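One structure is given here, and the rest of the page talks about it.
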Amino acid sequence: MSGAHAVLHDPTGLMDVELPLDRAPHEALVTAVLAWKNPDLTPRDYEQIALQLTGHARAVAADVQHHAAALPKNDGRGALAEVILREAAARLSQPLQGTARCAQNRARLVRALYERLDRLTETLPAAPQRCAGPAAPTSA
């Protein structure tokens with residue numbers, strides 16, 4: 001892939017927190033890419049697919065980071081999110097290649113990030129209430 005890139009001007013950081021993720025088409029792309037057996041695409045096509053998945057992985061990672069930061073410090077889901085985010089950063093720092101393997105690796109990353117996001121946004125069952133025992137009689 002060439003070294004050219006575009007820089008978006010987003011001084012208020014709205015792209016990371018205000019735009020909802022367009023999840024359905026990206027999940028369909030992930031499913032299709034992971035289902036490849038013997039794809040016969042050009043290297044440029046693989047690069048474009050990997051680039052699309054990379055951009056979406058970055059957006060999902062930002063959403064995971066946002067949700068993890070809002071958790072209490074003693075919530076283990078935040079620690080697991082940090083592990084996934086470190087792994088995502090390492091994998092996203094690797095240069096794109098025009099191969100099916102590269103595109104599939106990016107698809108696996110998107111899937112892992114969505115799994116973590118789902119765990120961060122699911123509501124936890126309420127903790128069982130402890131019974132304090134019978135109430136003491138009151139005098140009138």
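Source: prediction; values computed, not measured.
- Closest approach of Ala50 and Leu96 over heavy atoms only: CB-CD2, 3.7 Å.
- For Ala81 against Leu120, the heavy-atom pair with the smallest separation is CB-CD1, 4.0 Å.
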Report the C-alpha distance between Leu41 and Ile49 in whole Å, list the side-chain angles of each, state the deciding distance to 0.1 Å, and finish with yes or no for side-chain contact (heavy atoms from CB on, under 4.5 Å).
-> CA-CA 10 Å; Leu41 302 175; Ile49 292 166; 3.9 Å; yes
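- Nearest heavy-atom pair across Leu92 and Ala57 is CD2-CB, 4.1 Å.
- For Arg108, the side-chain contact (heavy atoms from CB on, under 4.5 Å) test picks out Leu34, Arg91, Gln104, Asn105, Arg111, with sequence neighbours left out.
- Distance check, rounded to the nearest 0.5 Å: NE2 of His66 to OG1 of Thr121 gives 11.5 Å.
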Begin from the C-alpha positions of Leu80 and Arg119 and carry the test side-chain contact (heavy atoms from CB on, under 4.5 Å) through to its verdict.
-> CA-CA 10 Å; Leu80 291 173; Arg119 287 186 178 93; over 6 Å; no
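- Between Gln65 atom CD and Leu117 atom CG the span is 12.0 Å, to the nearest 0.5 Å.
- Side-chain atoms of Leu71 and Arg77, non-hydrogen and from C-beta on, do get closer than 4.5 Å to each other.
- Judged as a ring pair (Phe, Tyr, Trp, His ring centres under 6.0 Å), the pairs with a partner in residues 75-114 (not counting sequence neighbours) are, in order, His56-Tyr114.
- Side chains of Arg106 and Gln94 form a contact here, defined as non-hydrogen atoms less than 4.5 Å apart.
- Remark: Asp118 engages Arg23 in a side-chain hydrogen bond (donor to acceptor under 3.5 Å, both in side chains) (not counting sequence neighbours).
- Pairs of residues two or more places apart, or lying in two chains, never qualify as ring pair (Phe, Tyr, Trp, His ring centres under 6.0 Å) while including a residue from residues 74-94.
- Here the shortest heavy-atom pairing between Ala68 and Gly78 reads CB-CA, 4.4 Å.
- Under the side-chain hydrogen bond (donor to acceptor under 3.5 Å, both in side chains) criterion, Thr42 pairs with Asp45, sequence neighbours left out.
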Begin with the C-alpha distance, continue with both residues' side-chain angles, and end with the deciding distance and a verdict on side-chain contact (heavy atoms from CB on, under 4.5 Å) for Ile84 and Val64.
-> CA-CA 9 Å; Ile84 294 291; Val64 167; 5.6 Å; no
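- Looking at residues two or more places apart in sequence or on another chain, you find no side-chain contact (heavy atoms from CB on, under 4.5 Å) involving Thr31.
- For the residue pair Leu85 and Ala61, the shortest heavy atom distance occurs at CD2-O, 3.4 Å.
- In terms of heavy atoms, Pro39 sits closest to Tyr46 at O-OH, 3.2 Å.
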